[in-house]
Amino acid sequence: MLDIRLFRESPDTIKANLKKRGWTEEEIGIVDTVVESDLNWRKSRQEVDALKHKRNVVTEEISELKKAGKDISDKIKAMGTLNEEIKKLDESTKSFLEKRDELLLRIPNLMHESVPMGKDESENVPLRYWGEQSEYEFELKSHQDIIEGLNQGDFELSGKTSGAGFYFLYEDLVMLDLALSRFAIDNLRSSGFKLIEPPFMLRKKAMQGVVDLADFENMLYKIENEDLYLIATSEHSMCAMLMDKVLREKDLPIRLCGVSPCFRKEVGAHGIDTKGIFRTHQFNKVEQFVFSTPDHSWDEHELLIKNAETLFQKLEIPYRIVNICTGDLGGTAAKKYDLDAWMPRQKEFREVVSCSNCTDYQARKLNIRYDKPDGQREYVHTINSTAIANSRAIVAILENYQQDDGTVMVPKVLRPYMDGLEVIGKR
RNA sequence: GCGGGGAUAGCCCAGCCCGGUAAGGCGCUGGAUUGCUAAUCCAGUGUUCGCGAGAACUCAGGGGUUCAAAUCCCCUUCCCCGCGCCA
């Protein structure tokens with residue numbers, strides 16, 4: 001969430017940001033409502049503080065009188081009515097604050113100036129391209145057909161057991177999945193990232209600090225009768241793991257490499273991706289996550305996207321980097337790059353990596369701060385990026401590395417992780 | 001799941017029995033002193049409100065008793081030890 005001080009000092013900054021994000025004038029009115037409830041709270045707070053001060057003074061007097069052995073019944077009587085007033089006023093003060101904070105949670109992050117203006121994903125801006133798109137002399141197959149044709153997985157069985165959006169993978173594709181994880185892990189660890197296997201479920205309090213409110217409805221699976229949600233990425237666990245902590249500046253940046261399955265409801269997802277493994281309710285992913293000082297978070301953001309690019313370059317899969325525009329940027333991020341891999345069969349670039357700087361938006365919700373040498377205490381910045389989203393990387397490999405006989409070459413860098421296997425054939 | 005012990009500031013820890021408004025240490029910051037460093041000494045070091053003087057809050061979270069709660073009572077969460085169950 002945003003700093004309440006910004007609403008007091010510069011509400012127009014927030015309004016301009018909302019406008020860029022495509023909010024209507026009416027929706028932008030929420031900013032004034034926040035300012036108003038903040039004023040109400042502060043006013044009410046001052047009144048109740050004055051009464052509490054009075055109470056503390058009387059308490060002190062009673063203590064003195066009692067020591068002196070004098071009568072205190074008058075004082076105690078006055079205290080009764082005072083306490084009633086305080087209780088009443090305390091409740092309304094609390095409700096003003098709750099209203100303010102509830103509204104505050106609905107207001108998205110301030111965007112970086114380099115985020116391009118645009119109404120939706122069609123106006124995202126490609127920044128650079130890498131790799132050469134191969135020429136194919138034969139008719140390319142979809143990744144689903146390749147998987148089923150080679151008997152390396154099954155979607156009908158998973159449909160029966162679990163519904164659409166799940167998959168069974170067999171043999172070489174399982175090994176490929178594991179190889180991708182290990183490939184990404186080894187690269188990140190050698191760059192100094194700390195390897196983490198996190199909890200796959202989080203309490204609401206922790207989850208709320210990391211995600212948008214809407215995500216609870218559209219993305220997250222809840223465990224029945226428990227205060228637990230399945231993570232949709234290890235970003236969630238890694239970000240929440242330091243909630244309520246005060247870090248030291250010398251320990252920053254903290255660079256983490258998370259490995260976990262990801263669970264997503266994908267409400268609203270429909271159409272071409274219903275079959276196959278491109279968009280699923282469950283997949284494995286290696287994630288980069290950084291806690292940084294505000295001064296360095298933009299450097300870290302660039303570092304993470306570079307790391308992701310390095311992985312795809314080593315996999316020899318053509319891609320482009322896209323700067324996500326104002327109208328398509330999620331509420332938590334201040335700026336986001338996508339890495340879109342070239343899919344020769346679909347003849348288009350598809351998102352396989354997403355890299356966001358959330359600045360202090362998550363840190364403020366989770367209360368993650370750091371001590372500066374001058375004694376000041378500030379919120380950290382959080383930056384996250386996919387390293388490899390395995391199922392999507394597999395799709396990219398199947399599309400790019402397929403051969404005319406229906407088999408698929410294994411990218412060279414993955415072969416050491418697959419007992420030297422060079423070609424995925426029929427099982 | 002059962003029994004016992006815990007949760008206090010960035011970290012460690014006292015106070016709880018016996019209610020009177022968070023002590024001390026470490027670390028960090030500033031200052032003094034000193035060829036330099038170290039050591040030593042002094043001061044500061046939770047959150048919020050207030051232009052300010054100042055004030056309120058803060059002892060895992062919530063409720064209660066009381067003029068007054070870190071302290072007494074109840075509920076919840078988490079951690080540790082033992083038992084049980086278990087990949």
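Note on naming: letters A, B, ... go to the chains in the order of the sequence lines (proteins, then strands), and numbering restarts at 1 for each one.
- Within the 4.5 Å cutoff, no side-chain heavy atoms of A:L366 are placed close to those of A:Q208.
- When the C1' atom is compared between B:G61 and B:C12, the two are found 24 Å apart, to the nearest whole Å.
- If you take atom C1' in B:A22 and the same atom in B:G35, they sit 44 Å apart, rounded to whole Å.
- Geometrically, A:K204 engages A:F216 in a cation-pi contact defined by less than 6.0 Å to the ring centre and at most 45° from the axis.
- Side-chain contact of A:Q152 with A:E171: a donor-acceptor pair under 3.5 Å is absent, judged by distance alone.
- Rounded to whole angstrom, the span from the CD atom of A:E378 across to the P atom of B:U45 amounts to 20 Å.
- A salt bridge does not link A:D251 to A:K245: none of the charged nitrogens lies less than 4.0 Å from a carboxylate oxygen.
- Aromatic rings from A:F289 and A:F291 are positioned such that their centres are separated by under 6.0 Å.
- If you check every strand for non-hydrogen atoms under 4.0 Å, A:K204 touches nothing.
- Remark: A:D227 does not engage A:K205 in a salt bridge, criterion side-chain N to carboxylate O under 4.0 Å.
- If you measure from atom CG of A:L247 to atom C1' of B:C28, you get 15 Å, rounded to the nearest angstrom.
- Remark: B:A55 base-pairs with B:U48; criterion is Watson-Crick or G-U wobble with both hydrogen-bond distances under 3.5 Å.
- Between the P atom of B:C67 and the NZ atom of A:K87 lies a distance of 14 Å, rounded to the nearest Å.
- The nearest whole Å value for the distance from the CD atom in A:E84 to the C1' atom in B:U66 is 15 Å.
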Using a cut-off of under 3.5 Å, enumerate the N/O to N/O pairs linking the protein to nucleotides 85-87 of chain B.
none

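- The P atoms of B:C67 and B:G62 are separated by 23 Å, rounded to the nearest whole Å.
- With both ends at atom P, the span from B:A38 to B:C26 equals 16 Å, rounded to whole Å.
- Between A:E226 and A:K222 there is no salt bridge, since no side-chain nitrogen of the basic residue lies less than 4.0 Å from a carboxylate oxygen of the acidic one.
- A side-chain donor-acceptor contact under 3.5 Å links A:R364 to the backbone of A:M1.
- Remark: B:U29 base-pairs with B:A43; criterion is Watson-Crick or G-U wobble with both hydrogen-bond distances under 3.5 Å.
- Atom-to-atom, NZ of A:K250 to C1' of B:G10 comes out at 11 Å; the value is rounded to the nearest Å.
- B:U33 and B:C42: their C1' atoms are spaced 11 Å apart (whole Å).
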* Structure fact -> Under a 4.0 Å heavy-atom criterion, the protein footprint on nucleotides 47-62 of chain B, written with B, S and -, is SBSS----SBS-----
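- B:A70 is unpaired under the Watson-Crick or G-U wobble criterion, no partner having all donor-acceptor distances under 3.5 Å.
- Between A:I196 and A:M241, some side-chain heavy-atom pair lies under the 4.5 Å cut-off.
- Base pairing of B:C83 is made with B:G1, judged by Watson-Crick or G-U wobble geometry with both donor-acceptor distances under 3.5 Å.
- In terms of position along RNA chain B, the nucleotide closest to A:E60 lies nearer the 5' end than the nucleotide closest to the other residue of the pair A:E60 and A:R248.
- For B:C16, there is no paired base (Watson-Crick or G-U wobble, both distances below 3.5 Å).
- With a 3.5 Å ceiling on both atom-pair distances, B:U34 lacks any Watson-Crick or G-U wobble partner.
- Centroid-to-centroid, the aromatic rings of A:W298 and A:H381 stay 6.0 Å apart or farther.
- Distance noted for atom P between B:U71 and B:C16: 12 Å (whole Å).
- Residue A:V58 is classed as having no contact, given no heavy-atom separation below 4.0 Å to the nucleic acid.
- Across all strands shown, the partner of B:A7 is B:U77, judged by Watson-Crick or G-U wobble contacts whose two distances both fall under 3.5 Å.
- Separation of the P atoms belonging to B:G6 and B:C86 is 31 Å when rounded to the nearest angstrom.
- Both A:V246 and A:K372 lie close to RNA chain B; mapped to their nearest nucleotides by heavy-atom distance, the more 5′-ward contact belongs to A:V246.
- B:C75 and B:G5 have their P atoms separated by 15 Å, with the value rounded to a whole Å.
- Geometric assessment of A:R350 against the ring of A:F278 yields a positive cation-pi assignment under the 6.0 Å and 45° thresholds.
- Here B:U21 presents its P atom at 16 Å from CD of A:E61, a figure rounded to the nearest Å.
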